[in-house]
Every structure is written in structure tokens, then in C-alpha cells.
Colleague: 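Would you mind keeping the following structure in view while I ask a few things?
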There are 2 protein chains.
Amino acid sequence: MVLPRAAKTQRRTRIQEEKEERILEAALEVFSAHGFRGATVDQIADVAGMSKPNLLYYFRTKEAMHRALIDRVLDTWLDPLRAFDAEGNPVAEIRSYIRRKLEMARDFPRESRLFANEVLQGAPHIEDELKGPLKELVDEKAEVIRAWTKAGKIAKCDPYHLIFAIWSTTQHYADFDVQVRAVLGQGNSGEGRFEDAARFLERLFVDGLQVSEQPIS
Amino acid sequence: MVLPRAAKTQRRTRIQEEKEERILEAALEVFSAHGFRGATVDQIADVAGMSKPNLLYYFRTKEAMHRALIDRVLDTWLDPLRAFDAEGNPVAEIRSYIRRKLEMARDFPRESRLFANEVLQGAPHIEDELKGPLKELVDEKAEVIRAWTKAGKIAKCDPYHLIFAIWSTTQHYADFDVQVRAVLGQGNSGEGRFEDAARFLERLFVDGLQVSEQPIS
DNA sequence: TGATAATTTGACCGGTTGGTAAACATTACA
DNA sequence: TGTAATGTTTACCAACCGGTCAAATTATCA
């Protein structure tokens, strides 16, 4: 038998689990830093601490590695949006969505850059995911937001562009990290910038969305 | 004589002007779509409609092309921020800055993606520009905003994160265009999305920044 | 027009790329 | 323990990469 990914036994070997883990970790490191085309298999093998043919024994092509990585990361990445609760307090929900997204930008910047690289270059490998699962989830949550605006719970606004605005402002701190650091300079580029950003963004979105006649406590 | 870029006469030939123009246009197309590493000289030559050695006659290396492109585009790119006027009406200034940035995202998405690709991958070629001219300009304008907040003309907020928020929300429509289109779907992805975005963003920032005690007409 | 400089081309080079073949080593398990 | 499946390595390949070179072509202008 030569094909580990199509083994006749469904169960995966301990070695397979470990190695695939190490490979995907290395792949995340390299793909997120250089994009798909810019990344090389040798580089990933090097970071994973194994030979290139050995790596290609587990993932037969560069594309297969990229796909496996996308599949693994996409779910986690959309969790904060899924947590958006139609029954909750609208302002509190938006506030905690912003906080969660900002935490992810801080704690998982590579995952953010992985997608940013991909989308920026025309999403040639994840077009289906964007038009399928992503769109469906956003449509669902946009409907929740629209219901809130219609009920007068938050200011009237386009729910899609609200979601885009939250995505872009929060992910900015992961995707454009070097620019943020460069502009803030040596002094202010400690981890405190995420707290400053949280304060600013919560205030921006909450004040911008509250219905002025009846601000929510 | 073999080196056109170091010609003894200062004046550039008509042919030089034309060809360098065509090359930079092609380079913008390719670099913005694939990033520096992902782009190939053959590809740029192909888009420019000339042979690779011919292209390398005008720009001796891939890096030289990239640098020339960056230099040419950076100035234009920062124009909207430079137009920020300390003497103007704060809310009007911010509103028109958002509008201008959004127009650039619509009309010059490749320029936006060129920088996005570069910054996303750690800005290896434009680190100096970020820490130098960019930082200085932002520092200057941040001071203007801080003066406005101190004078009570707009709500108190961190000026740097305000600028980041405007950058990220507006450039999102250029850099993440395919995602925006995918989420909005066939129907809503006409050019109308920029007008919707403008409405949303102006409202978000203006309402979020006005001092609630004395809203500006 | 003729000579000189500027431009363009095809052939080519060494290094890197993604990926393969097959021999070798290790593990799992009857 | 033996053996078959699994895992690893060395050597290698064809395609592609950025870039060079010398020869051929075209533009410039005295």
C-alpha cells in the first residue's frame, strides 16, 4: 500500500495524525506569509522539519495541502459570526462580535492572512466556499440584523455593509499588522494597540448604530 | 550606448516614455493580482505585449519594475489623506475623506491591491516608505484630529485608530472585491454597491463621531 | 544617405520549482 | 519472530524562473 490518504482502513495511524498536523501548521505559516504561488513546498517541508518527498507522501500536491488547510481553518474562522444570536441584545451582540473578531485578529493573525492572501488574489481556490457556505451564513445573519433595524432596536442601516465594516476594521489589525506597527511607531506598537482598537471600534459601531431617540443602556 | 535608464542626455526618448508606460501598466496588472513573488517577468512582458529581454532592457530587474511602480503609485495613493484640511469643518472633512477613499477603491482597485499584497506579506519592499513618509503624514493628520477632539468639535477618539478604520473599511471594497461580490450575490453586485457603502460608511462615521450634545447640521 | 546610437529578438544559462521512482527503513500485527 | 504494510530517503526530472548575450533591426540626425 502506498497511498496513506486512501487507506483501506478508515482509521488513521498515529503517525499520520502527527505528521499531517505538523505539515498543516507549517503550511499555515508559509501560505499565510507568501500566498499560494509565493509559497514553496521546500519551504513548508523545511518549516515542518521533514524532507520534501516525505511531505508529499502525506499531501500529494501543493494544492492538496492548501485545500486541507482552508477546510480546517474556515470553520473556526466563521465561528464568531455563527455565535451572533438573534435573541440577544442587539448592541451587546454587535459589541461582542467585534470583540471576538478582534481577539481572533490578535491570536490567529496567520489564519486571517491566509484568507486575505487568497481573496486578494481573486480567491481562485475558495470561490465555492465564498459563494456557498459563507454567503449563506451572512445572508442569515443579515436577516437578523434587518429584523433588529425594523424593530427599531438599532439604527437603520444596510446589514451587509455593517458586516463588511466589522470584518474589515477588525481583520485590518492582523492583515496590515506591519503597517499598523509602522504608523504607531515603536512606543505604541505593543499589544496595547488591540485594547485601544477595541475601545475605538466598540464606541464607533455602538454610537453609530444606536437609535438616537432611545439609546440603549 | 546600451543603458537607457542612464542615458547621458537627461531627456527621455518618446519610445522610452511610451514603453515604460506600457510596462508599468502591465506590471500593475500582474503585481496587484499575484503579489511580488507570485508575479513573473514573462507574464508582465506578455501583458505589455513585448518580449522579456525587451522588457528587461527598460527595467533591468523585476525588483526595479516593482520599485518604480511603488514610487509612482504611492504619492497618488496618499493624496486623499493629504487633502485633509485642519481649517475645514471636521465632520465635512471626514465625510469627504471617506468619499474620496471609496472612489479610489472603485476606480483604482489594482493600486489598492498592489499595496495590500505588499503589506500583507510583511512589506519587504516598502518598509521604509511605511516608517517614513506614511508615518509622518499620518502623525500630522492625527494631530489635526486630536485638536478637533480637544476643541469638542468631534467626539473624543483615538485618531490613529480612526484613520485605520477609514482605511480598512474603504479599501475593503477593492482588496476583498471578490468576497464582497460573492456575498452580495449576482443581483446586488453591480456598481451600486459603492453607493450603498458610501451611504453606510458616512452614516457610521459621522454619527459615531458627532458630539451628542451638539450635533453638527 | 550614411554612420551611429537606440531598440528588439532568439538562443541560452544556472538555479529553483513541483513532483516522481525506487530503494531503504520502520512499524504493526498475525 | 516473520512479513506485509507503512513510512522515509536519495537521486532525479522536466518545466519554469530571472536574467544575459550577441546578433539583428530600427530610429536619429549630421
Side-chain angles (χ1 to χ4, degrees), chain A residues 1-24 26-27 29-31 33-69 117 121 124-125, chain B residues 1-24 26-27 29-31 33-69 117 121 124-125:
Chain A
M1 202 46 161
V2 189
L3 309 177
R5 321 237 343 119
K8 56 183 156 193
T9 64
Q10 297 293 350
R11 166 175 74 77
R12 309 233 303 288
T13 314
R14 174 183 51 84
I15 293 181
Q16 276 177 34
E17 302 248 21
E18 283 177 14
K19 290 295 168 72
E20 289 180 9
E21 187 69 25
R22 266 170 59 191
I23 292 170
L24 289 181
E29 186 72 25
V30 176
F31 280 132
H34 303 291
F36 182 78
R37 274 202 75 177
T40 74
V41 177
D42 291 87
Q43 208 177 349
I44 296 170
D46 194 49
V47 172
M50 55 179 85
S51 67
K52 181 168 63 170
N54 194 186
L55 187 153
L56 288 166
Y57 171 72
Y58 291 98
F59 296 93
R60 266 136 76 172
T61 66
K62 188 181 170 184
E63 280 216 24
M65 288 179 40
H66 192 256
R67 167 131 309 270
L69 188 57
N117 261 304
Q121 304 193 1
H125 305 92
Chain B
M1 201 49 160
V2 189
L3 307 177
R5 322 240 337 124
K8 55 184 156 193
T9 66
Q10 297 293 350
R11 163 177 74 78
R12 308 233 306 286
T13 315
R14 174 183 50 84
I15 292 181
Q16 276 177 33
E17 302 248 19
E18 283 178 13
K19 288 295 168 71
E20 288 180 10
E21 187 69 25
R22 266 172 57 192
I23 290 170
L24 289 180
E29 186 73 25
V30 177
F31 280 132
H34 302 291
F36 182 78
R37 274 203 75 179
T40 74
V41 177
D42 291 87
Q43 209 177 348
I44 296 170
D46 193 50
V47 172
M50 55 179 85
S51 66
K52 182 168 63 170
N54 195 186
L55 186 152
L56 288 166
Y57 170 73
Y58 292 99
F59 295 92
R60 268 138 74 175
T61 66
K62 187 181 170 185
E63 280 216 24
M65 289 180 37
H66 191 257
R67 168 129 309 270
L69 188 57
N117 260 305
Q121 304 192 2
H125 304 92

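We name chains A, B, ... by the order of the sequence lines, and we start the count at 1 in each one. These figures come from a predicted structure and were not determined experimentally.
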Colleague: Is B/Y57 near enough to D/dG19 that one of its side-chain N or O atoms lies under 4.0 angstrom from OP1 or OP2?
Modeller: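 Indeed not, no polar side-chain atom of B/Y57 lies that close.
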Colleague: Using a heavy-atom cut-off of 4.0 Å across all strands, would you classify A/S51 as base, sugar-phosphate, or nothing?
Modeller: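 Answer is base: heavy atoms of A/S51 come under 4.0 Å of a base.
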Colleague: Whole angstrom is fine here: how far is it from CG in B/L55 over to P in D/dC17?
Modeller: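 One finds 14 Å between P of D/dC17 and CG of B/L55, rounded.
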Colleague: Find out whether B/Q121 and A/N117 are in side-chain contact, i.e. whether some heavy atom of one side chain is under 4.5 Å from a heavy atom of the other.
Modeller: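 Yes, at least one pair of side-chain atoms sits under 4.5 Å.
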Colleague: Looking for any heavy atom pair under 4.0 Å, which part of the strands does B/A39 touch: base, sugar-phosphate only, or nothing?
Modeller: sugar-phosphate
Colleague: When we call it a touch if two heavy atoms are under 4.0 Å apart, what does A/A45 touch: a base, just sugar-phosphate, or nothing?
Modeller: nothing
Colleague: To the nearest angstrom, how far is B/E20 atom CD from C/dT7 atom P?
Modeller: 9 Å
Colleague: Within this structure, what is the NE2-to-P distance between B/H34 and D/dC17, rounded to whole angstrom?
Modeller: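 In whole Å, D/dC17 P and B/H34 NE2 are 11 Å from each other.
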Colleague: Which comes earlier along DNA chain D counting from the 5' end, the contact point of B/T40 or that of A/K19, where each point is its nearest nucleotide?
Modeller: A/K19
Colleague: Can you tell which of D/dC21, C/dT7, C/dT20 lies closest to the side chain of B/Y58?
Modeller: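 The answer is C/dT7, which lies nearest to the side chain.
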Colleague: Measure CE/A/M50 against C1'/D/dT9 and give the value in whole Å, please.
Modeller: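 For the pair A/M50 CE and D/dT9 C1', the rounded distance is 13 Å.
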Colleague: For A/H66 and C/dG19, what is the distance between atoms NE2 and P respectively, to the nearest whole Å?
Modeller: 13 Å
Colleague: B/R22 side chain to B/V47 main-chain N or O, any donor-acceptor pair under 3.5 Å?
Modeller: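 Here the side-chain-to-backbone pair does not exist.
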Colleague: At under 4.0 Å, does any side-chain N or O of A/N54 touch on OP1 or OP2 of D/dT9?
Modeller: yes
Colleague: Any donor and acceptor pair, going by atom type alone, linking the side chain of B/K62 with main-chain N or O of B/A39 inside 3.5 Å?
Modeller: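 Looks like yes, one N/O pair under 3.5 Å.
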Colleague: Return the orientation label for the A/F36 and A/F31 ring planes: parallel under 30°, perpendicular over 60°, tilted otherwise.
Modeller: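 Correct class here is parallel.
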Colleague: Quick check on D/dC17: is either OP1 or OP2 less than 4.0 Å from any side-chain nitrogen or oxygen of A/R37?
Modeller: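 It does, given that an N or O in the side chain of A/R37 lies less than 4.0 Å from OP1 or OP2 of D/dC17.
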Colleague: Of all the nucleotides listed (C/dT20, C/dG18, D/dG19), which has the minimum atom distance to the side chain of B/K62?
Modeller: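 Nearest listed nucleotide: D/dG19.
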Colleague: Using whole Å, report how far CZ of A/R60 lies from P of C/dA21.
Modeller: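 One finds 11 Å between P of C/dA21 and CZ of A/R60, rounded.
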Colleague: Would you say B/Q16 reaches C/dT7's phosphate, i.e. side-chain N/O to OP1/OP2 under 4.0 Å?
Modeller: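 So the side chain of B/Q16 is within the cut-off, an N or O lying under 4.0 Å from OP1 or OP2 of C/dT7.
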Colleague: Indicate yes or no: at least one non-hydrogen side-chain atom of A/I23 is less than 4.5 angstrom from one of A/M50.
Modeller: yes
Colleague: What's the closest nucleotide to the side chain of A/T61 if the choices are C/dG18, C/dG19, D/dT20?
Modeller: C/dG19
Colleague: Do B/K52 and D/dG18 have a side chain to base donor-acceptor pair shorter than 3.5 Å?
Modeller: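 Checked by distance alone, the answer is yes.
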